[in-house]
Amino acid sequence: IERAGNLIPQLNKFNRLEYKNIAAGFRLILWGLFKKTVIADNFSYYVDLTYSNTSQFEGFQIILACIFFSFQVYADFSGYSDIAIGSAKIIGINLMDNFKAPFRAKSINEFWKRFHISLYSWLMDYVYNTIVIYLRYHKEKAIISGIGITLILSGLWHGAGWTFLIYGLCHAIALIFEYLTKKYRKKALKILPNTFVNCLTICATFSFFTFSLIFFRSPDLTTAIMVIKKGLL
């Protein structure tokens, strides 16, 4: 989801084909195809099998499918992004980065600055900022409302259904929680070693994202609830 301010000026220019752009573009395309066809598509076999026959799988098998789906989504989305960015690079057009190592994120807020950056930044500029400006006299309530509406819409952007709504709501609640507890969490984590804090926050962020994707992947709420129950037992 490229911005007009970056894309249109480049379209108005005549770009000569250059070897360095062609080489860089094809490298990105090949890397994107590898992520899409080798990583994402292979993970999808196990994930599809598990979600289509949830009643036949138990505990660890369910958890494994949920983890695989996190990597499948990342490899799939970032793979086609790399293909698009590489294709544009060949003809001299530079598109914005869409993924920046999201599984290194130490919070959900940081995660969304690394994952599907073009979508999240667009929603922040055109939805979140609009709401906050409109409700600016309500201060903290404006920020909470902006976060909630923006993240719920980000879920519905992927599909109109209860599962996508709950997926967006999960991230809205997480971001609001992070916003309201930021000062307290900083004080609490200061007493712990940095290495431990980094590992803890990265694992917690990935685990939350993986949990939220249960709703993203499930065809209906019944399946989602069954996956959660079996994963916890």
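Panel note: side chain E18, backbone G92; no donor-acceptor pair is recorded below 3.5 Å. Of the possible polar contacts, none joining the Y128 side chain to the S145 backbone as a donor-acceptor pair under 3.5 Å is found. Between the side chain of T54 and the backbone N or O of Y51, at least one donor-acceptor pair lies under 3.5 Å. With S107 contributing its side chain and E110 its backbone, the two residues share a donor-acceptor pair below 3.5 Å. K89 places no side-chain N or O within 3.5 Å of a backbone atom of N94 that could act as its donor or acceptor partner. The closest donor-acceptor contact from the side chain of Q72 to the backbone of F68 lies at 3.5 Å or more, if one exists at all.
Between L135 and K141, every side-chain heavy-atom pair lies at or beyond the 4.5 Å cut-off. Counting heavy atoms from C-beta on, the side chains of E58 and Q61 come closer than 4.5 Å.
Between atom CZ of residue F196 and atom CD1 of residue I191 there is a gap of 10.5 Å, rounded to the nearest 0.5 Å. Within the model, atoms CD1 of I131 and CG of L153 stand 7.0 Å from one another, a figure rounded to the nearest 0.5 Å. Here the CD-CD distance, from Q10 to E2, works out to 7.5 Å after rounding to the nearest 0.5 Å. Here CG of D97 is found 6.0 Å from CD1 of I117. Values are rounded to the nearest 0.5 Å. Between the CG atom of N198 and the NZ atom of K106 there is a distance of 3.5 Å, given to the nearest 0.5 Å. Summarising the geometry, atom OG1 belonging to T130 is positioned 11.0 Å from atom CE belonging to M124; distances are rounded to the nearest 0.5 Å.
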Could you go step by step and tell me if I8 and R3 meet the side-chain contact (heavy atoms from CB on, under 4.5 Å) rule?
-> CA-CA 8 Å; I8 292 175; R3 302 302 181 83; over 6 Å; no
Report the C-alpha separation of L119 and H158 in whole Å, then their side-chain angles, then the decisive distance to 0.1 Å, and conclude whether the side-chain contact (heavy atoms from CB on, under 4.5 Å) test is met.
-> CA-CA 11 Å; L119 171 63; H158 292 93; 4.2 Å; yes
When you look at T223 and D220, which way does the side-chain hydrogen bond (donor to acceptor under 3.5 Å, both in side chains) test go after all the steps?
-> CA-CA 6 Å; T223 303; D220 49 56; 2.8 Å; yes
Please assess I214 against C66 for the test side-chain contact (heavy atoms from CB on, under 4.5 Å), listing each intermediate value before the final yes or no.
-> CA-CA 7 Å; I214 292 172; C66 293; 3.8 Å; yes
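Contact between S44 and D41 at its shortest, heavy atoms only, is OG-O, 2.5 Å. The nearest pair of heavy atoms linking L95 to A84 is CD1-O, 3.9 Å. S52 approaches L49 most closely through the heavy-atom pair OG-O, 3.2 Å. When all heavy atoms of K35 and S78 are compared, the pair lying nearest together is NZ-OG, 3.1 Å. Scanning all heavy atoms of the two residues, the minimum distance from L189 to V197 falls at O-CG2, 3.5 Å. Closest approach of S118 to N98, counting heavy atoms only: OG-OD1, 2.7 Å.
A ring-centre distance under 6.0 Å is found for F115 and F99. Under the 6.0 Å cut-off for aromatic ring centres, F43 and F69 do not qualify, their centroids lying 6.0 Å or more apart. For F71 and F103, the ring centers sit closer than 6.0 Å to each other.
The hydrophobic clustering, which links ILVMFWY residues whose side-chain heavy atoms are closer than 4.5 Å, places F111 and M96 apart. Note on L28 and I90: same hydrophobic cluster, where clusters join Ile, Leu, Val, Met, Phe, Trp and Tyr whose side-chain heavy atoms are under 4.5 Å apart, directly or indirectly. Under the 4.5 Å side-chain heavy-atom criterion for ILVMFWY residues, a single connected hydrophobic cluster contains both F57 and F60. A single hydrophobic cluster is not seen to contain both Y74 and I29; linkage of ILVMFWY side chains at heavy-atom distances under 4.5 Å, directly or through other members, places them apart. Cluster membership check: F209 shares its hydrophobic cluster with I67, using side-chain heavy-atom separations under 4.5 Å among Ile, Leu, Val, Met, Phe, Trp and Tyr.
Heavy-atom contacts from other residues, nucleotides or ligands closer than 6.0 Å to CZ of R136 number more than 12. With a 6.0 Å radius and a threshold of 12 heavy atoms from other residues, nucleotides or ligands, F26 has its CZ atom at or below the threshold. Residue N194 places its CG atom among 12 or fewer non-hydrogen atoms of other residues, nucleotides or ligands, all under 6.0 Å distant. Heavy atoms of other residues, nucleotides or ligands lying less than 6.0 angstrom from CZ of R185 number more than 12.
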Show every donor-acceptor pair shorter than 3.5 Å between a side-chain atom in residues 163-177 and any protein atom, with sequence neighbours excluded, or say none if there are none.
from : atom 1 : to   : atom 2 : distance (Å)
H171 : ND1    : W112 : NE1    : 3.1
H171 : NE2    : S212 : OG     : 2.9

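The aromatic rings of F215 and F211 sit perpendicular, their planes meeting at an angle over 60°, well past the 30° parallel limit.
Exactly one of L213, V47, T210 qualifies for a side chain to side chain contact (heavy atoms under 4.5 Å, CB included) with V73. That residue is L213.
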